[in-house]
Amino acid sequence: MGKTLIEVVNLVKYFAVYTRGILLRRKIGDVHAVDDVSLKIEEGENLGLVGETGCGKTTLGKTILNLIEPDSGKVYFEGLDVYETLRSGPEEKKKYLRRSMQMIFQNPYGSLDPRMTVYDIISEPFVIHRHIPRDEWEERVYSLLRLVGLEDYHAERYPHEFSGGQRQRISIARALATDPKFIVADEPVSSLDVSVRAQVLTLLENLQKEKKISFLYISHDLSSVRQITQSVAVMYLGKIFEYGPTDEIFEEPLNPYTIALLSAIPVPDPERKINRIVLPGDVPSPINPPSGCRFHPRCPWATEKCKKEEPELREVRKGHFVACHYAENFMKGEKPLPTVQQ
Amino acid sequence: MGEEILRVENLKTYFFTEAGVVKAVDGVSFSVYEGEPLGIVGETGSGKTVTSLSIMRIVPPPGKIISGRIIYRGEDLLEKSEDEMRKIRGKKIAIVFQDPNSSLDPLFTVESQLNEVIMAHLKVTKQEARNRALELLKMVRIPDPEARLKAYPHELSGGMRQRVAIARALANEPDILIADEPTTNLDVTIQAQIIELLKELQSKLKMTLIMITHDMGLVAETTKRVVVLYAGSVAEIAPTNEIFKSMRHPYTAALLKAVPRIDRRKELKPIPGSIPNLIDPPSGCRFHPRCPYVIQRCIEEVPELEFTDQRAVACHRWKELSLKGE
């Protein structure tokens with residue numbers, strides 16, 4: 001393992017919810033989008049962030065980049081306090097942070113300006129950051145296009161002339177234009193077709209290996225998370241429920257939510273025995289989440305303790321953190337999984 | 001295996017757009033056997049949804065069924081009048097669409113949408129229809145069904161809406177249920193609920209399920225036989241438990257290599273290129289520009305769908321290739 005690239009410490013972001021209307025507008029609660037989240041990303045390592053709709057994974061990604069302002073908490077990039085620097089640091093440090101931390105958005109149809117050519121889109125960061133001499137711009141744009149698997153002549157075209165997969169490559173090229181060390185990739189393949197998805201995933205894998213770029217890979221597609229990340233954080237209603245090495249968590253999940261989530265995915269193997277835990281009900285609203293453990297109303301193993309006491313995220317094994325009072329019960333080898341009452 | 005309940009023969013459905021004729025389904029043939037869940041897999045533009053719309057004869061304009069036969073219990077659905085089709089849709093063959101947000105009418109309550117389907121086919125009073133609707137909601141495991149009858153679709157979550165859509169499709173106990181990507185827009189844990197529900201209903205009601213999906217995992221779990229579509233034509237048909245071990249069409253193999261797996265890390269092998277334009281599809285075998293085994297014959301000659309021992313494949317070279325998924 002290398003140096004720590006990103007460190008997130010006790011990050012909190014709530015969104016206030018009001019009643020409708022202008023007069024007599026009352027606050028009725030908070031959406032607990034990111035609720036006391038701490039994470040680390042090592043240099044050259046990909047961290048997967050998984051969870052269902054509304055669990056706060058996109059908000060967390062954007063808050064790390066300060067695209068959304070946090071309520072409290074800190075993010076360090078190479079030891080540098082991101083929020084402090086962006087607010088009041090020296091100009092060159094601000095630029096350095098902005099250059100080093102980039103984002104790829106989910107929808108390649110909304111994230112590229114339809115009135116700009118691909119050349120303009122990819123070279124715009126050069127205009128802003130001036131980190132490359134003017135006479136090298138052209139060569140750089142072409143080499144970026146080739147890097148993401150496009151051709152030189154694509155530079156003169158407009159986004160509408162490309163398919164979804166190609167557009168996502170253009171967004172990746174744009175993110176790479178500033179030589180970033182860290183990229184937040186928010187569901188980069190979920191709008192793409194199966195065969196094209198694999199193309200973009202392998203591109204991300206190669207960028208990580210060859211350019212030593214770390215990704216925060218946000219996705220609800222657990223198979224792709226297994227494929228391209230080294231560690232993974234599972235979020236539920238704004239909280240990290242489990243966090244640790246990807247392979248270890250996929251082999252031996254220790255939080256009931258992770259167990260259910262992993263068991264829900266159909267595996268392309270007709271002979272595999274299906275041992276599925278079907279969770280009842282829907283993901284509760286993140287406005288004023290349930291007391292105690294937020295997962296207790298859906299958890300098949302919930303006890304009285306879970307209703308009252310919120311579990312801490314604790315280190316159960318080296319580097320493997322779980323927020324569940326009973327994490328040890330789910331360890332393999334000790335005893336079979338506790339039976340589910342349904 | 002039960003007897004053949006539905007046979008699609010050389011179906012061609014084209015869309016006459018301003019840009020040109022889109023050959024969305026171009027000569028698709030397969031059979032469905034009673035009680036045997038069938039999967040139809042393919043990517044966007046493979047023609048899987050248009051095939052199901054053609055079976056229901058609800059292809060929207062500018063689409064038209066050009067030729068072919070759809071034999072349901074010995075009768076050709078393409079020769080039926082619109083009145084006769086109305087008696088079949090929902091009663092004999094029903095469909096659940098991908099997006100329950102658009103397949104349920106936002107202006108009507110759950111009860112009236114269920115009643116509409118029940119009363120279209122059965123001569124029952126409103127009260128009887130209501131009882132049946134209640135029974136259906138219980139069957140798809142909707143909590144507090146009495147209250148839900150009065151709810152409008154926007155008052156329900158995505159998973160609940162999909163359950164209502166399933167209840168509506170099952171209202172008249174159809175022979176065949178077509179499920180077109182029934183879990184695609186849902187969250188992972190809700191997907192699991194819907195998959196389990198469909199599996200349970202399928203075995204309880206003994207209906208024939210046609211599962212349309214792009215997810216090979218879902219195919220492995222819910223079907224016994226699978227039709228692989230590529231660019232509007234059939235690439236391969238095989239029993240599900242065989243196709244994952246010994247595929248005969250290079251596209252099937254390529255598709256499996258391109259999908260990451262939850263149970264282990266593997267080397268991803270993307271399929272080069274992109275899905276062809278169906279206005280002007282590639283000559284010969286439609287997969288040839290992306291196929292690693294392409295020869296001159298593939299470019300010139302369209303491969304026939306060859307049937308051998310329960311399986312079918314449309315590839316000139318299948319006998320000489322020994323393909324592996326991973």
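Chain identifiers are assigned alphabetically (A, B, ...) following the order of the sequence lines, protein sequences preceding nucleic acid strands; residue numbering begins at 1 within each chain. Side chains are part of it too, since the values below use all heavy atoms of this structure and drop only hydrogens, waters and symmetry mates.
With a threshold of 4.5 angstrom between heavy atoms, A:Gln166 does not approach chain B through any atom at all. Using a 4.5 Å cut-off between heavy atoms, B:Glu43 touches chain A through backbone and side chain atoms alike. Proximity to chain A (any heavy atom under 4.5 Å) is shown, for B:Lys224, by neither the backbone nor the side chain. Both the backbone and the side chain of A:Thr53 have a heavy atom closer than 4.5 Å to some heavy atom of chain B. At a 4.5 Å heavy-atom cutoff, A:Ser190 makes no contact with chain B through either its backbone or its side chain. The contact between A:Glu271 and chain B is made entirely by side chain atoms (from C-beta outward), counting heavy-atom distances below 4.5 Å.
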Extract all donor-acceptor atom pairs below 3.5 Å that involve side chains of residues 140-148 of chain B and protein atoms in other chains or at least two apart in sequence.
from	atom 1	to	atom 2	distance (Å)
B:Arg141	NH1	B:Glu200	OE1	3.3
B:Arg141	NH2	B:Glu200	OE1	3.1
B:Arg141	NH2	B:Glu200	OE2	3.3

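Separating the CG atom in B:Asp215 from the OG atom in A:Ser223 is a distance of 8.0 Å, to the nearest 0.5 Å.
Among A:Arg226, A:Arg197, A:Gln227, the single residue meeting the side chain to side chain contact (heavy atoms under 4.5 Å, CB included) criterion with B:Pro260 is A:Gln227.
Residues B:Thr189 and A:Arg298 bring a donor and an acceptor atom of their side chains to less than 3.5 Å of each other.
Among residues 268-275 of chain B, the residues having any heavy atom closer than 4.5 Å to a heavy atom of chain A are, in sequence order, B:Leu268, B:Pro270, B:Ile271, B:Pro272, B:Gly273, B:Ile275.
What you find for B:Gln193 and A:Val278 is that their closest heavy atoms are CG-CG1, 3.5 Å.
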